[in-house]
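Chain letters run A, B, ... following the sequence lines, proteins first, then strands; residues in each count from 1.
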Amino acid sequence: GTSSSTTGPSAAASPKRGGSFRLGVTGGGANDIIDGQNIVTKPDQARLVAGFETLLEYDEDYKLQTTGLAESVTQDAPDQWTIRVKQGITFHDGKTLSADDVIYSLRRILTGSEGLFGNAGLMSVDPNNMTKMDDRTVRLKLKQADSTIADQLGQYYNGVVPVGYTRSGPQNGTGPYKVQSFNKGQQSVHVRNANYWRSGQPYFDQVTVIDFPDPSAQVNALLSGQIDAMTDIPFAQITVVKAHGGLAVLEGNGAGWLPLCMAIDMPPFDNNDVRQAFRLIADRNALLQQVLSGHGRVANDLYSPFDPAFDSSLPQRHQDIAQAKALLKKAGRENMVVDLHTTDGAAGMVDSANVFATQAAAAGVTINVHNDPNYYGDQYLKLAFSVDFWGTRNYLPQVANGSLPTAPYNECHWPPKGSNYVSLYQQALAEVDTGKRADIIHQMQKLEYDQGGYIIPFFNNLVDAYNTKVQGFRVSKATLNLDSFGHGFRTIWFA
Amino acid sequence: MLDRPGAATGPARTGGIRMFILRRILQGLLVLVLVSIVVFAATQALPGDPARAILGRTATPASLAALREQLHLNRPVLDQYVTWATGLLHGDAGTSLAAQEPVAKLLGDRFINTAFLLLCSGLISIPLSILIGAYAALWRDRPFDVATSLITLVFAALPEFVVGVALVVLFATTVFHFLPAITLIPPGGRPWEQPIALILPTLTLVLAVTPYVVRIMRASMVEVLESDYVEMARLKGLPERLVLRRHALPNALGPTFQVIAINLAYLAGGVIVVEYIFNYAGIGGALRDAVANRDIPVVQALAMSIAGLYVILNLLADIATILVTPRLRTRL
Amino acid sequence: MVKPAIVVDRLHIAIRGSGLEIVNDLSFAIAPGEVLGLVGESGSGKTTVGLALLGHARRGAEIVGGSVRIGDIDVLELDSAARTRLRGRVISYVPQDPASALNPALRIGTQLREVLEAHGFGKSGDERRARIAEMMREVALPDTARFLRNYPHELSGGQQQRIGLAIAFACRPRVIVLDEPTTGLDVTTQAHVLDTVRELASTHGVAALYVSHDLAVVGTLASRVAVMYAGRIIELGPASEMFSASSHPYTQRLIVAIPHLTGGRELVGIAGHAPSPGRRPPGCAFEPRCTFALPECREAMPALRSIGQVHDVRCVRAEDVLHHAPTRSGEVPHDADRRVVQPVLALQGVHAAYRRTTVLHDINFEIAPHECLALVGESGSGKTTLARSIAGLHSDRWGAITFQGTPLQKVARARPREVRRSIQYVFQNPYGSLNPRRTIRQIVSQPLEVFGSVKKGQIDERVAAMLQRVSLTAAYADRFPDQLSGGERQRVAIARALICDPSILICDEVTSALDVSVQAAIVELLHGLQRDLGLAMLFVTHNLPLVRSIAQRVAVMSRGRIVELGGVAQVLETPRDAYTLRLLADTPSLEAALETAAS
Amino acid sequence: MSVVTPVVSPVLTPEVMSSRRPTGALLRSALGLRRTQIGFGLVLLIVAIAFIGPLVAPHGANDFVGTPNTPSVPGALFGTDHIGQDVWSRFLHGGLTILALAAAATGLGLTLGVAVGLVAAYSRNVLDDVLMRIMDVILAFPQIMLALVAIATVGPNPATIILAVGLTTMPRVARVTRGAAQPVVERDFVAAAEAIGVPRFRILLSEIFPNVLSPLLVEGSLRLTYAIGVIAALAFLGFTTNPGSADWGLMIQENYIALTVQPWGVVLPVAAIALLTVGTGLVGDGIARAAAGIDRSRGAA
Ligand SMILES: Nc1ncnc2c1ncn2[C@@H]1O[C@H](COP(=O)(O)OP(=O)(O)OP(=O)(O)O)[C@@H](O)[C@H]1O
Ligand SMILES: Nc1ncnc2c1ncn2[C@@H]1O[C@H](COP(=O)(O)OP(=O)(O)OP(=O)(O)O)[C@@H](O)[C@H]1O
Ligand SMILES: [Mg+2]
Ligand SMILES: [Mg+2]
């Protein structure tokens, strides 16, 4: 993965005000939404961060910082947190941000029926036990000890909304841009928030977020100057864009990942030998080269590499067909045939499946790939073998989302019965001391590394392109494309 | 051979036409009703849980439950059909499952955009192809004819997306840069406000349709030029242009109209691909989207309206044919 | 003699590229006011000649030599512009088939007007309107604006043909070519058209070339007749001489082939058919069919030599031919014992309709075994409908049709196999009644398969036998209909009927699509069959003279009613019904021809 | 003296001598035309590639031979595709699927369409109307749209695609068949068959059907080109049968994104498909012209 080569311009150049910025985002459709606390399609991310902000923020090294709305977020006890918001931050409608808004925001997330994205991660917060200490301070009493609340509060989709906020109501956030118009599946126009709390920012008068079902139309638009930046440039086009004067590529080495998911309680994967064999079948570098044209880093079947507690001591797995064959023989599964389900949900999902299928053939395993437009329909999470996609998160939050019986997206049906994984998780949550917590997390990761259902070949970089007249993009470990869309379009400007 | 006098006489004719059009309209309506049933049945058959399909990867059990509740997908089918059909009659196509907006609002602009695109393509391709076809027939087996027949063959052979992409590469991105590669219609904006952005999509569609019409036009023109009455017109000593303009062309047009209608209806299908390539905000994209989202009301609305378009086009074609071929009138 | 209006000299027309001659060394002249009749069977080149007079050759044909002079201009020399000015102004054309020659999409008024406009005939619109009205009156059509607003398909065949005449005469041309303007019209309309032509030609001093394959028709109209055979004129002379003293074997045979209104007699057809272009022998084209042929006839085409001052002929034995005019055999025997036996077929109060319009009213007659009943009447009188009703092809009918005492179901399919076998139908048009995609064997043997009356093995020989019976050879069995001449096809159709050995044969205008010579041969055949096999026959025709030569009794139909029914001689010689009288009067016959010629 | 009794002249015209099936004749005379020959040549070429290709392909369809999307790779004639497989090999492997699909779909459509068309034309009654209205209903949906919905409904397996395309082909064929059959039904030889009570089915099959063959041949070739086009377009829109397998339609979809960088991945399959459709088009054209020729001479006979 090359990041240095494509660094944006030096931040030295002093920002300039004005101009209308047009962003092309891959995907989107009639199910687009704008919601301070939820997304459905990719363009929704850009629209969310343009209008809403979180209490805490991750910096370019994926470290939590109090650059957000909160002036402090502290864990007073394993099961108690206190949040204090900054002074004089106003919503688009001029109302000042207060403790009530924080409480309302958290409650909204915790209301299951709202079906909001952050719900799973904040489970341990007790909606009926949030107390307003003063105008700017809120105390959370948790149902159970949880040391990941701060992490959750930094997730872009846990934005702060004013009291009484609804999706269908006025889009009223603290963010740098106000929604002017929104056409689902087409585009949304956002105008500068004149009294934004960060002085000077934002720089653009107007931001337009445009949906693009077809990536090459997106590239063509960029080439012909009809948009100023685009997300997820097809790897094939990188050379084109680089060759094209006045365009640049921004390659952020985030930690998105495309796992092959084996349901550990469904045949044939209910036998760990089979799972192990499959892990040994994967030639992770080949997958990286073929699927991402090398734009990523080889992974080791574990997620959350940016987590301080990530166990990088575990030996890197390599392809070992012989060993795989042996294990399959042992499991009595020689020359097995299995279906692998995938979809065009995220770039590379179909290719990963195909490439892995080819590699499996070497071990005498026949894999029938099914590219199913209805993949996220009924059978999702009920499949024995499937491909999925994930964004960047720290370990425990990710576990909450994907690796617990209670997790909404537990493709692998992890953990196995009788495993102490869940209790380890509880301990980790309860553990306030980061060092001790890391040890517990290492145990959990070991379990997944040895018995888990994920095959994680690589972490994919976010590769975006933009017109060099746009200044201020920085290479970062941001979760979202284009350096989290230039931090909600506020740290970028036209030269 | 002997052609026995037809039954109808002068005055009866107009009545004949009116009757004919009326019958055609009724038939068209019948077809539409059948279509509506088919569409409804088909969309009912769409498997899987729309709620899931709509929320996609981000669905949570909670959000699913919520959406299902609000879509009330659990009413009896017949009940649903009746409400839907009556809704359609009142111009209310229901609410998009995906967008949570009235279908009409969701598709309104897109309809105008697509319609305009089709209109442009039609207005260009029809006269063009008629002209080319007629001259190909006139200069039968001469270089022009041979050339056209080959060129039309090739273009008929190239899928729209190939033509489209080729045009983009040629005029917008790689070779030249004087045309926009995609068509960005601002919300509430109208396609005709930025004509140059329409050039490439229109051109693509024109190139997709013209070949077929040209070939048919040529065929029927050849037929007519062989006919006795054209020979007779020449033997009457009429100047050639008159022979062509008054005697040959009108009779050749008759059979062609049908094909034009079919092809325009076909355009409505081809537009799906074209809109995809040019990111053109029309019903084509909406359809692809709706199908992927299991957005049943939208699919239904689109299917119905495209079917409607087809029925209308055929009606027009029939009427046009009748107008240029009086003989048919008495057969009505 | 007056200076001829048009002179055709050594005209040669060939199939483009191949050089095969369609029309060969053709010369004649027509004086103003004169009508020259051009006769010959189908494919002899009449139309080609006719068109050539206007300097036009159909796609695929081209004029390769000779000249066509009108006054002192040679049509063939003119450039296309000048030719266009000439056409319709100086020389005009009346097409063979008006139905297809009038533009279906234009009102007849327009089609009349445009020719005037094209030639700047008449200064103003009013003048033209006046001229059009005049024309319409001359061709005996209403001249009302209302009528002119009709479209061609809204006119009857006769009216269409007369519009054709009006267009042709519109600009008062000096020469006019009429290409079988009356083919397909019933006799009454035909008579009208012929009168009109005669009128116009004589009053305006127009030189007319009247093309036809029907000598009788030509005879009533033309002062001189040219007989064409295989692209050449083989005899050219005054009408009178042509009929009384024809000196070419072919002409003679043609005349013998024409049925006579007075005194029925067996017809004698000409075996074989004329060679088409490219297959014409080096010598006399008629030689293979000629009974007078000498060896030398094979060598070279005899030159056109004159016998008598204005009578030319292409035959080395013209003189002998003249003296060996073939005699005509006597009356067709009328068997009297009709009534004693039970009739094969009996109709009582039969009606038939198409949807609401009833076209047959209360038809009653019987047909005895061995008897041939002729059914005559003008076009549209209901002949075919009646025939089809009997055959079970028209189900919308009521009243009793009994076959050998037992009433018949309406639909053929519903009838017992025996009945379907015993009632056989031969269709009007041999080009339509044989499936072009099946071999003659398949066609003829089809009934055998349906009725299963014959074992597989014997089918072929039965087919062969039948082909022999209709005087074809077994060699035809493997051919396809489009490889047969019209006459041969009709024979095949008859064979298909006979192979079921039916007890009654229904023939619907089986000869009306054929040339006289072929027609004669077919009638000969049918007559023989009926006589030998003792077939009962219903012979539908609109050709009265023909009745004489084949039927014992005749039923005259008009507007769906039988107006007269009786013995042939009695009905034709002493008709009682007015309609029959008119029909007889209108029928062009040799007798009439000879009279006009004589006068 | 007596008159000669008629004997059929032994003079036989050449066309009478030569006796050949009209349909066969049609094809033969069609093959006489230059365009038909070229057309056949093209079709044969592509079919040959489809069948022989897999045998001669240098690499497997899924072998990883080099960096993705690079036009010039040693050992890969036309470079690598979006995931580093050999474009040339995948091209050679990928013909069969789309050909089979298109052929099957067209076959289905023709069979059904002809059946419906003939029955409709022959039963000159309400059944005719009913059938044709039903056809109208199907016609009312653009082929691609119906295919889209169908595939979204039951997933993109070959059967679905064949069915969807086949069914949407049917009404178009039915229309043509009916149009061509209507005049034939009125011809006397049909009446002749009815008069002796030939079963309806036989009449349809052996009397009427042979007479609508020539327009059908033309229509058939046209439909084939449409089918190929639709199936390719479906693939382009991302609805294809089993992913990963080499398939021209799929290749286009996978590599279209890289068109400007590595054109071969798209150019090869597109060229093949285009040549194929041009070929079938030319053949149909030739047959049409030949038929026109034959039918005209028959009409004039
Ligand atoms: N354009 C043409 N190309 C080739 N052959 C032709 C062409 N026109 C006529 N013929 C041939 O020339 C011969 C004469 O044709 P023509 O139509 O003049 O005969 P005809 O006497 O008018 O016949 P009919 O009485 O049936 O009208 C026929 O054998 C015909 O096949
Ligand atoms: N298919 C039809 N539909 C409606 N009317 C018809 C149809 N066929 C014939 N007629 C009408 O029935 C009447 C009798 O027609 P028919 O064909 O029996 O007359 P015909 O004596 O056989 O005429 P021709 O001598 O021209 O063959 C005519 O007035 C005709 O207009
Ligand atoms: Mg003629
Ligand atoms: Mg009749």
request  = Could you tell me which non-hydrogen atom of B:Pro239 sits nearest to which non-hydrogen atom of C:Ala118, and how far apart they are?
outcome  = CD-CB, 4.2 Å
key: Spacing of C:Asn103 atom CG and B:Arg246 atom CZ [to the nearest 0.5 Å]   = 10.0 Å
ask   = Any luck finding a side-chain donor-acceptor pair between B:His247 and C:Glu114 under 3.5 Å?
value = yes
key: All salt bridge (Lys or Arg N to Asp or Glu O under 4.0 Å) counterparts of C:Glu378, not counting sequence neighbours   = none
key: Over 12 foreign heavy atoms within 6.0 Å of OH, B:Tyr212   = yes
message = Sort by residue number and list every residue of residues 228-236 of chain B having at least one heavy atom under 4.5 Å from chain C.
response = B:Asp228, B:Tyr229, B:Glu231, B:Met232, B:Arg234, B:Leu235, B:Lys236
ask   = Contact part of C:Leu86 toward chain B, heavy-atom cut-off under 4.5 Å: side chain, backbone, both or neither?
value = neither
Between B:Val224, B:Leu242, B:Leu238, the one whose heavy-atom pairs under 4.5 Å with chain C are most numerous = B:Leu238
request  = Output the option from C:Ala105, C:Ala168, C:Gly88 having the highest count of non-hydrogen pairs under 4.5 Å with chain B.
outcome  = C:Ala105
remark   = Applying side-chain hydrogen bond (donor to acceptor under 3.5 Å, both in side chains) to C:Arg131 and not counting sequence neighbours gives C:Glu134
key: With B:Cys120 via side-chain contact (heavy atoms from CB on, under 4.5 Å) - residues at least two apart   = B:Phe116, B:Thr202
Portion of C:Gln96 that has a non-hydrogen atom of chain B nearer than 4.5 angstrom = neither
query = Any chance CZ of C:Phe169 has more than 12 other-residue heavy atoms, nucleotides or ligands included, within less than 6.0 Å?
reply = yes
key: Contact class of C:Arg85 relative to chain B, heavy atoms under 4.5 angstrom   = neither
